[in-house]
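Heads up: the structure comes next, in C-alpha cells.
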Amino acid sequence: MIEHLPILAITVPLFAAFLLPIIEKAHFRARNAAALLAILSVNVMVVLLALRLSREGAPLVYVLGAQSPAQILPQGLDFPIRIMLKIDGFSIFMALTSAVVVLVSYVYSMKYVPEDPRKNYYTILLMLMLVGMLGLEFTNDLFNFFVFLEILSISSSALVSYSYNRKFSPYAGYKYMMISAVATSFLLIGIAFFYSQYGSFNIEYLHGVIRFTLLDKIALIFMVVPLAMKAGAIPMHMWVPDAYSEAPAPVTAALVSASQASLYGVFRLSFSLFGNPVSDVTLNYHTLGWIIIVLGVLSMFVGVTMALVQHDVKRLMAYHAISQTGYMLLGVGVGVVVYMDPGGAAYAAFGRDAMMGGIFHIMNHAFYKGLLFLTSGVMVLRFGTRDLNKMMGMAHRDTFTTLCFIAGALAISGVPPFNGFASKILIYESVYRFSPILAIIAMFVSVLTLASFLKVFYGAFLGPRNEDIIVIDEPLPATVTAAMGVFCFLVLAMGLFPGEVLKYLVEPAVAGLVPGR
Amino acid sequence: MRELLIVIAFSLGLLVLGIFLGLFIRGIDRKFAAYFQSRVGPPLLQPFYDLEKLMIKQTIIPENSVSWIFRGAPVLALASTSVLLIYVVLPYLYYLHGSSGPFLTAGDLIVILYLLMIPAISLIAGGFASGSPYATVGAQREVVILMSVEVPLAIVVIAVAWKMSQAAGGAHPFSLLTVASNPIWTGMGPMGILGGGLLVLTLMAVVPAETGKVPFDQAEAETEIAEGLLAEYSGKYLALYGLADAVKSLAFTALFVVLFFPHGFTDLTGFRIVIAGGDYTFALDILLFIVKVIIVYTVAITAVRVAMARLKISQAAKLFLITLSMLSIAGYLLIYLDPRISGL
Amino acid sequence: MLASVYKIIEQFFTEKSTNLFPAKRKPASVSEFLARKPLIAPVPTPPDYRGRLAFDYQACIGCAMCEKVCPARAIEMYPVIEKEKRTKRIVIYLARCTFCSECVKVCPRDAITMSGDFMMADYDRNSPSLVVGLEERRKNEVAPEEKPDTPQE
Amino acid sequence: MNTAKMLKKMSRSLWAFHINAGSCNACDIEILATLTPRYDAERFGIKLVGTPRHADILLVTGTLTEKIRENVLRVYHQVPDPKLVVVVGGCGSTKGVFQESYAMAGPVDTCIPVDVYIPGCPPRPEAIIYGVVKAWLKIESLEKDNAAAS
Amino acid sequence: MSKSTSTFPLSIGPTHPAFKEPVKFSFEVDGEKIVRTDMDFGYTHRGIEHVARERNFIQVIYLLERICGICSVSHPMAYCLAVENAAGIEVPPRAKYVRTIIGELERLHSHLLWTGVAAHEIGFDTLFLHTWDIREKVMDCLELLTGNRVNYAMLTIGGVRRDIAPEHYGILEETLDYYRELYNRTREILLEDLTVQMRCRDIGVLTYEDAVALCAVGPTARASGLPKDVRIDYPCNAYPDIEWLRPASPRDIGKEPRGDVFDRMIVRVLEMKQSVEIVGFCLDNMPDGEIVVESKAIKLINQLKKVKGDGLGRYEAPRGEVAHFDILDEREGPAQIKVKAPTYSNAAAWAVMFNGAEIADIPIIAASIDPCIACADRMTVIKNGCGGLSFTAEELHRLSVEKQKRIKATCGNS
Ligand code: SF4
Ligand code: SF4
Ligand code: SF4
Ligand code: SF4
Ligand code: SF4
Ligand code: SF4
Ligand code: SF4
Ligand code: SF4
C-alpha cells in the first residue's frame, strides 16, 4: 500500500471527482463529507510521502505498470518507456503546498459557495484542480505533464467563471481558457520536438541525452514561456487580475497554488530537463539566471505599482500575486546565476540561500496570499462589491477576519514575525551579496506592498460603522472562519519557526531541483 | 536553557532601563531645546511627570473608532519598540562585554529595518482606526514618510553591510556584532571617510523622520492637522505612545551609534580600567555609550528640530526619495571605490 | 539657513531671557510656598501701569461721572446715607473692568486710583477680592428710596 | 486613587488647549506670550496642545458668542477628566465691554464650569501665570479637603 | 495614499490650533491637494456696531479698541478720525505725533507677532519664540507709554490721553536702537532661512491682477506689487510730514513681487524697519503743545452731543486699511458706526490663494494675510441660522440700497 502512495494521491481525488455526483444523489452533505475526506486523505498521503522521502533520502520513483513500482528500466531496454512518477524534495514541497491550499479552500467554500445545483460541479472541478496540480508535480513524464496541465487549466477556467451571473466572470474564464489553451498547445509542440528527436517523454532520460540542438532551444522557449505565462510573470501577466478577481475567493486561493504549479513547471523544466551543469554542451545558466532575475524584478515592480492604484480589492491582491512571484523568481534566479560560478564558492556562500528563499517564498506566498484572498471573500460577502471605496468599518464586526487580514498583510509585506519575513530575509541577504541594488529594490517593493495593504486596511476595515452598506449581516460560517484560521496559524507558525520548515522542506526541495555540487 | 533565561532577564532589565533612559533623554532634549530657544525650559524629569499624569487621566475611546485596533495599536507600538531596543542594544552590550550569548547571531540589520517599521505601522493603524479626519490625514502622511524613508535607510544599511562583508571576510555582514566589532571607519582612505560622512549625514536626516520630529513631523503636525495621528488619543494610550516614542528614539539613536561610532573605551584609548583586580572597563563603556547616544540625540534630533521648519509632506518625500537617496548612493559608491582607489 | 543655526547656538550659551516669576519651578506645595517664600518678582510694571483699581470711599461724592464713562459698565452705584444726606457710592467689578482708566481720569475727587497690581485671578468672578469697595458697601448700603432720586442734572 | 490626588499629579504637567470663544485676540496673544522665552510657561510643564483630547486645562478667551457656544461645549466634552477650565480675560468672565450685545451667549460660565477667572483686559502674561498658580492652589486645597474627609 | 479618485471633506476650525481665532474652513481635499474651499465666519461676531449705538462717545473708543486687540490702536484711531471729521475738531500737532508713534510701535509689534505666528504655522517654533522674545522690547515700551501691553486706551477724540514725557525719550531711543541693531540679523534669519523659503515661496500666490480685482489691502496688496497704503494715499496724523515714506515692496530688496507668502513676509520685514524710522522721525520732530483738545470727558461728550453730521476715518492698520464711517445725530454717542476692517477686504483673496494648495499650506496661507477674524466678523447668523437664509447678489444689493435709504431717511442728511 505504502509504496503505491504516489499514484494513490492522484487517483483518489480523480475517482472521488467521478463518484461525487453519485454520492450527491444521497444527500449533499454526504457529498461534502466525501469530498472533504478525499482531500484530507490526499493531504495525509502527501505527508506520508514526505516522511518517507525524508527517511529514504533518494527521490521516490514509481513506475506505472511494472512488476514493482520501483523498477525503472524494463528488461532489455536502456531507456524507460513506462509512465513514471518521480517524487523528489521539490515535488513534495509543492505537493504539500497544493494539497493544503486546496484543503483549506474547500473547507472555506463548503458554506461560502451557496448550495445550489451547480455546487456539484464546483466540488468536482476543485478535485480536478487538485489532481492536475499533484499530477504535474509528481510526474516524470513530459506528456503526462501536459495532460495534467490541461486538467488543471480546464478545471481552473471553469471555476473562474463559476459565478456566471456576474458580468465579467464568463469573460475572465474565457480569457483564462484561451490563454491556457495557447500555452498548453505551445507546450505540446515543445514536447513534440523532444519526442521527435529522442523518442522519449521521460524527463530524467531526456536530461541525460539532451544535445542542445537548435530544435531543443526552440523547444525550451516553447515550453518555458507558456509556463511562465501561466505562472503569471511579467510580461504575460494580463490574465491574472481578471481571473483572480472574478473567481470566487476560495477558487482564487486555489488558483494561486495552480499558478505556482506552473512555476514549478518552469523550474522543473529549466533545471531537471535542460539544466546540466556537468556536461559542456549545456544551457547557459548565466543567461537563464539573468532572464529569471529580470523577469522577477519586473514582476515585482510592475505588480506592486499596478496594485497601488487599484480600487478593486481582489484585483489589487492579484497584482500583488504578480509582484510576489517576482520575489520567487528573483531568489531562484540569483541562485541560478551563481550556480555556475567557478568553484561554486558563491553558490555555497549565498546562492543556495537565495534559492532557498525563492522556493520557501512559494509556499509562504501560497499561504498568506490564500489567506488574503479568503479575507477578501469575506469583504465581498459583506459589502457585495469589490470596490474598496464602497467599503468601510469591517473591523467593527468581523474582528477575526480583520486579524487574519492583518496577519496576511504583514506577512506579504515581509514584516516579522510572519512567514513572508522568513523567506524575504533570506532573499534580501543573499541577493544583496549578489547585487545590493536588487536587494534595495526588493526591500522597497515590500514597503510599497505594505503601503497598498494599509490602503486596503483603511478602506475596508476602518472608518465608522455603517450598517447600510452591509449586504449580508449573518455571522460567518464556522468553516469560513476555520479555513482562515488554518492559514493564519500556518502564516504565523512558519514565521515563528522558519528553521524547521527550511530544514525539513525547503532544503530537500533545493536539493531536488539542483543536484548538490 | 539557563542561558536563555539569563538573556530574558537581561532583556527585561534592559527594557526597564531603556524606558527610563528614553524618558530621561527626552527630558534632556526638551531642556536643551529650551536652551537653544533662550528659555529655562521644563525640569529634566518633565517627561516622567507627563507620563504619570497621562496614566491617571481618563482615556476616551472615540465613538467612531474601531475600538480594538485603537486600543491595540499603542500596545503593539510599545511592544515592538521594546523588541527593537533589545535587539539593537543587546548584541552591542555583548560586544562591549566581550562575552557571547544566544543573541549573538541576532542583531540582524534587516530585521531591524523591519522592526523599525512596526511602530510606524501601528501608529498608522491606530490613526486610521481613530476615525477622525485629522488622524486619517496624519496616517496617510505617515505612510508616505514610512515609504520614502525606507529607501535611503536601506541604502545606508546595505552600504554598511557591504563594508562589513569586506572587513569581516564575509561572515554575517548584516549582524550588528560584526558592525560593532569592525568600526566602519577602520581601514578607510579619504574617499571612504567622505563616503562614510555622507552616510552619516543621510542617517542624521533619517533619525528625525523615524522618530517623528520636526522637520519630519508632518504626521503629527500640530498647526496643520491638530496632532494628526494622535488627535484622538488620550490618557493611557497616549502615554503608551509617548513611551514607545521615547524608546524608539533611544533605540534609533543607539543604532546610529552602533553603526557609526561603536568604539568602546578600550578601542579608543587602548586602556582597560582595572581596579583592585576587577575589570571595570565595561561599566565605563556603557557610560560612554550613553554619552554618545545623548550627543547623537542632541545633534540629530534636538538641534535639528529647533533649527528648522516643518517640511511639507511632498517636500519630505522628495528629499528622501531623491536627494538623500542620491546622497547615500554617492556615499556607498565612495566607500565601494575607496579600496580600489587607495589601493592604486 | 546658517543665520538661524548660529542664532540658536548663540542662545544656547548666552543668558536666558526668562523671568522666573513666581518661582523657577512649580513648588512642591504651592500654599506653603506662597505663605513662606517671597515670590520672584515679575517683570516690573511701569509707573503708570493700569492695574487693580482702588476706591477711596471717603473721597467719593457720588457724582456718578465714573459710571457714565465706564465702557464696560463695571461700576455699580448703590445708595448710602453720608452726612445725613442720601447719596451714592460705587463698587467696581474688576472681572468686568477693561482697565481703561477713564473713571480714574474723570473722577473729580480722585476717589478712584490704579495700582501696579495685576495678580487678580480668583475662583469666583464676584469674589470679594474682585469687587472694589465691597466691604464699604456691606457696611453702608441702605435700602433704595421708594422713588428713584433724580440725578443732579 | 481619588480625584484630588490625581489632580495633584496632573498639576506638574498641565497641557493646555486654547479656545477662542469670540475674543478680541488680545488675550489670545497674551496666552501665547506666556510660552515665549520671557515668561516660558514650559518651566511648569505647561504646554499648548493641538487637540482637546490631550488637554488637561482649557484656556477660554472671549465672550462666548452664540455661534461658538456649541463648539465650546463640544470641546469641553472632548477633554478627558479630570480637567480644569480657566477663563482668561474680563470679557469671558463677565462679557466685559460687550454688555447688551445680542450676539452673546456668555459669559463662559453659563456654558461650562469655570475654575479660575483671570480678570484683565487683557491680563499680562504674568497674570495668566498667576492664574495657573491659583489653579495649583485650588488643586491643593481640594486634596486637603479630601484627606480631611477620609 | 488616499483613494485617488475621490475627494474627501476636511473642515478646519472653528477651534483648531492653527487658527488663533474661530473661523471655519471647509475644504474638499484630494489626497493632500485642496480642490475647493468654503469659509464660514461669524464665530466671533459680537455685535459691536450694535452695542456702539448704546454707548456714549467715550465708551465707544474702548469698545472699538476691543474689536481686535492685536492692533488695538487702529480701530479707535479710525473712529476718532471719523468723529473729528464729522465734528470738525482739529487735533493738536503734538497729539498727532504721539498718535503716530503709538501707531507705528503697534505696527512693529504686530508685524513681529505675525512673523512669529507664521513661523509657528510652518512648525518653526524657535523662530516663533525668537521673534516674540524680540517683541517683548516694544511691548515694554508700549506698556511704559500707555500703561498696558495690549489695548492701550491711548486715544481719545481730539487727541491722546497720555503724553510722551521727557523721561520716556531715552527709553524710546534705546528701543529703536535695539531694533535697528537687530534688523539685519533678524532679516537674515527670516528671509534667508532655507526651510522658511521652502515653505513660503510660491505658496498662496495672489497675482497683481487678482489683488486689484479682489480689493486686497495692506501688506497683502503690497506683496502683490500693488502700492496701496493709506498712510501715503490719504495721510493723517504725522504722515503728511514724512516725505520719504513709500509703500514697501519686495522691489526694495531687489526682488520682483510674486504675491506669494514669502513676499508678504518681505513686505512686513521691510515695514518693521519703516516703523522704526517713522518713530525715530517723530521723536526728532516732536512739536510742543497740548495733547488733547478737551481733556474732560464729560465736557467732550456734551460738545459732541451738539453735532449732527457724518465723517469718515481711514487709517492704515498693520493689516491694511481700516475705515470707519460714523453718523452723529445729536446724541451722547454715535447714531451709527460702520466698520470696514482690513481682513474683511483680504478674506476674499483666500479663496484664490487656497486654490491648488496642499493641506500643509493651509495654516501658512491663512496666516499670510494676517487675518484678524475678530474685526472682520461683521455679520453672523445666530440662533439656528443657516436654514435657507441665503441671498443672491442682486437681493443683497437691493437690501443694501433699502437699508441705505432707511438710514438716510432717519438721519436726514446725505
Ligand atoms: S477702568 Fe474703565 S472699565 Fe474699569 S471701571 Fe474704570 S472706566 Fe470702567
Ligand atoms: S466719579 Fe469719583 S466722585 Fe464721582 S462717583 Fe465716581 S468715584 Fe465717586
Ligand atoms: S478680556 Fe478684553 S482683551 Fe481679553 S479678549 Fe476680552 S475684550 Fe479682548
Ligand atoms: S453687522 Fe449689524 S449686528 Fe453686526 S455689529 Fe454691525 S450693526 Fe451690529
Ligand atoms: S485694524 Fe485689524 S489688526 Fe488692527 S486693531 Fe483693527 S482689527 Fe486689529
Ligand atoms: S481686522 Fe482682524 S486683526 Fe484687525 S482688528 Fe479686526 S479682527 Fe483684529
Ligand atoms: S452690501 Fe454694500 S455695504 Fe454691505 S458689504 Fe456689500 S457693498 Fe458693503
Ligand atoms: S447704492 Fe448703496 S449698496 Fe449700492 S453700491 Fe451704492 S452704497 Fe453700496
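Chain naming here is simple, since letters A, B, ... match the order of the sequence lines and numbering starts at 1 in each. Worth saying up front: this structure is predicted, and the values here are computed from it rather than measured.
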Taking every non-hydrogen atom, the tightest pair across C:C100 and E:A153:
O-CB, 3.9 Å
What's the shortest heavy-atom distance between E:E143 and C:Y49, and which atoms?
OE2-CE1, 3.3 Å
On a heavy-atom basis, which atom in E:R161 and which in C:K105 lie closest, and how many Å separate them?
NH2-CD, 3.7 Å
Of all of E:M154, E:R162, E:K296, E:E136, which one pairs up most often with chain C through heavy atoms under 4.5 Å apart?
E:R162
When the 4.5 angstrom heavy-atom criterion is applied to E:L144 and chain C, the contacting part is both
Nearest heavy-atom contact between C:R50 and E:N151 is NH2-O, 3.2 Å
Counting only non-hydrogen atoms closer than 4.5 Å, does C:V106 touch chain E with its backbone (N, CA, C, O), its side chain (CB onward), both, or neither?
side chain
E:N148 versus chain C, heavy atoms under 4.5 Å apart: side chain, backbone, both or neither?
both
Scored by heavy-atom pairs under 4.5 Å with chain C, the best of E:T126, E:T146, E:V60 is E:T146
Restricting to non-hydrogen atoms, name the atom on E:I298 and the atom on C:K68 that form the minimum distance, rounded to 0.1 Å.
CD1-CD, 3.9 Å
Check the surroundings of atom CD in E:E290: do more than 12 heavy atoms from other residues, nucleotides or ligands lie under 6.0 Å from it?
no
If you count the non-hydrogen atoms of other residues, nucleotides and ligands that lie under 6.0 Å from CD in E:E167, is the total more than 12?
yes
So do E:Q59 and C:R73 actually touch side chain to side chain, heavy atoms under 4.5 Å?
yes
Max heavy-atom pairs within cutoff under 4.5 Å with chain E, candidates C:G116, C:P71, C:S101, goes to C:P71
Can you tell me which portion of E:F57 sits under 4.5 Å from chain C's heavy atoms? Options are side chain, backbone, both or neither.
neither
Contacts of C:R89 that satisfy side chain to side chain donor-acceptor pair (under 3.5 Å) - sequence neighbours left out:
none
